[in-house]
Number of protein chains: 2
Amino acid sequence: MPTDDDIFRALADPSRRRLLDRLHLADGQSLGDLCAGLAMTRQAVAKHLATLEAANLVVAVRQGREKHHFINRVPINEIAERWIGKFDQPRLSALSALKRNLEGEEND
Amino acid sequence: MPTDDDIFRALADPSRRRLLDRLHLADGQSLGDLCAGLAMTRQAVAKHLATLEAANLVVAVRQGREKHHFINRVPINEIAERWIGKFDQPRLSALSALKRNLEGEEND
DNA sequence: TAGATATGCAACCATAGGGTTGCATATCTC
DNA sequence: GAGATATGCAACCCTATGGTTGCATATCTA
């Protein structure tokens, strides 16, 4: 079971985000497909995909000699709900109270 | 203007996420406040806060000899909308089409 | 002003991690 | 079976970066 850390770290790298973008455009691409046009070795891409798999952001299915990769939206949604939603809810009461407090002190 | 990369990278570190959690519990804390109970030097915490500031996830206000830190929800919401929302929309048509395609080949 | 408190800055260290090269393995096709 | 294609594995390199120590600076208070 991947941790939050696995997911955040996997998302931290721009190359991996680009790979997810590519899979978003066309899901189920093979390693070779995903390498096309990237200034990177196949092995580098494979490593990135392994990281994404470890974070469960990508699910891979071996098909003969090819390996096809699919986006898994579940972890991203979990992160969005469990983590980003937390900061999203407008707890403006406490926030603005503190800010007002500070601003008051500043202007006095 | 912080880039997506700044934000994702800032969020990638568990210590920094814990700092954001702390600020979420009590916004406007000083460096010293945020250091309390952490197995880390004050300088390390200061570095993390600098990274969060660079990503505009935290806004700091100097107040006498203290520096108070506030969460900024804007970047997180932008990320959530621009990036996570993208994967959230159920583009199941293309996905399941490709999956069906693969499964079909597999079972044949 | 002197000392205490709160933070800033810089050099340094060690590890993690992105990337490469080289070779091994598995699958398809002729 | 032989060669071509697609991927896996391992060692290695180099930089980014999380963390430290040491000292400087600024602010508050007695």
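Sequence lines set the chain letters: A, B, ... in the order given, protein chains first and strands last, and positions in each chain run from 1.
Partners of B/Ala55 under the side-chain contact (heavy atoms from CB on, under 4.5 Å) rule, at least two apart in sequence or in another chain, are B/Asp6, B/Ile7, B/Ala10, B/Leu57. Under the salt bridge (charged side-chain N to carboxylate O under 4.0 Å, His left out) criterion, A/Glu66 pairs with no residue at all, not counting sequence neighbours. By the side-chain contact (heavy atoms from CB on, under 4.5 Å) test, B/Asp5 pairs with A/Pro14, A/Arg17, B/Thr3, B/Arg9, sequence neighbours left out. With sequence neighbours left out, the side-chain contact (heavy atoms from CB on, under 4.5 Å) criterion links A/Arg18 to A/Ser15, A/Leu38. Partners of A/Lys67 by side-chain contact (heavy atoms from CB on, under 4.5 Å), not counting sequence neighbours, listed by chain and number: A/Glu53, A/Ala60, A/His69.
Whole-Å rounding puts the B/Asp13 CG to C/dA16 P distance at 14 Å. In this structure, CG of A/Leu52 is placed 10 Å from P of C/dG18, rounded to the nearest angstrom. At whole-Å resolution of the value, CZ in B/Phe8 and C1' in C/dG17 are 19 Å apart. Note: NE2 (A/His68) to P (D/dT5) measures 17 Å, nearest angstrom. Atom CG in B/Leu19 sits roughly 14 Å away from atom C1' in D/dG19 (whole-Å rounding). A/Leu49 places its CG atom 16 Å from the C1' atom of D/dC9, with the value rounded to the nearest Å. Protein atom CD of B/Gln29 is 14 Å distant from nucleotide atom P of C/dA6, rounded to whole Å.
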Considering only nitrogen or oxygen atoms on both sides, find all protein atoms under 3.5 Å from nucleotides 26-30 of chain D and state each distance.
residue: D/dT27; atom: O2; partner: B/Arg65; partner atom: NH1; Å: 3.4

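How far CG of A/Leu52 is from CG of A/Leu23: 8.0 Å, rounded to the nearest 0.5 Å.
Side chain of B/Asn72 to backbone of B/Asn56: a donor-acceptor contact under 3.5 angstrom is found.
Identified under the side-chain hydrogen bond (donor to acceptor under 3.5 Å, both in side chains) test for residues 28-37 of chain B, with sequence neighbours left out: B/Ser30-B/Asp33.
A/Thr51 comes within 4.0 angstrom of no nucleic acid atom, judged by non-hydrogen atoms across all strands.
Proximity of residues 36-48 of chain A to DNA chain C (heavy atom under 4.0 angstrom from any strand atom) is restricted to A/Met40, A/Thr41, A/Gln43, A/Ala44, A/Lys47, A/His48.
Within the 4.0 Å cut-off from OP1 or OP2 of D/dT7, at least one side-chain nitrogen or oxygen of A/Ser30 is found.
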Pair up each side-chain donor or acceptor in residues 40-51 of chain A with any protein partner under 3.5 Å, not counting sequence neighbours, and list the distances.
residue: A/His48; atom: ND1; partner: A/Arg16; partner atom: NH1; Å: 3.1
residue: A/Thr51; atom: OG1; partner: A/Lys47; partner atom: O; Å: 3.1

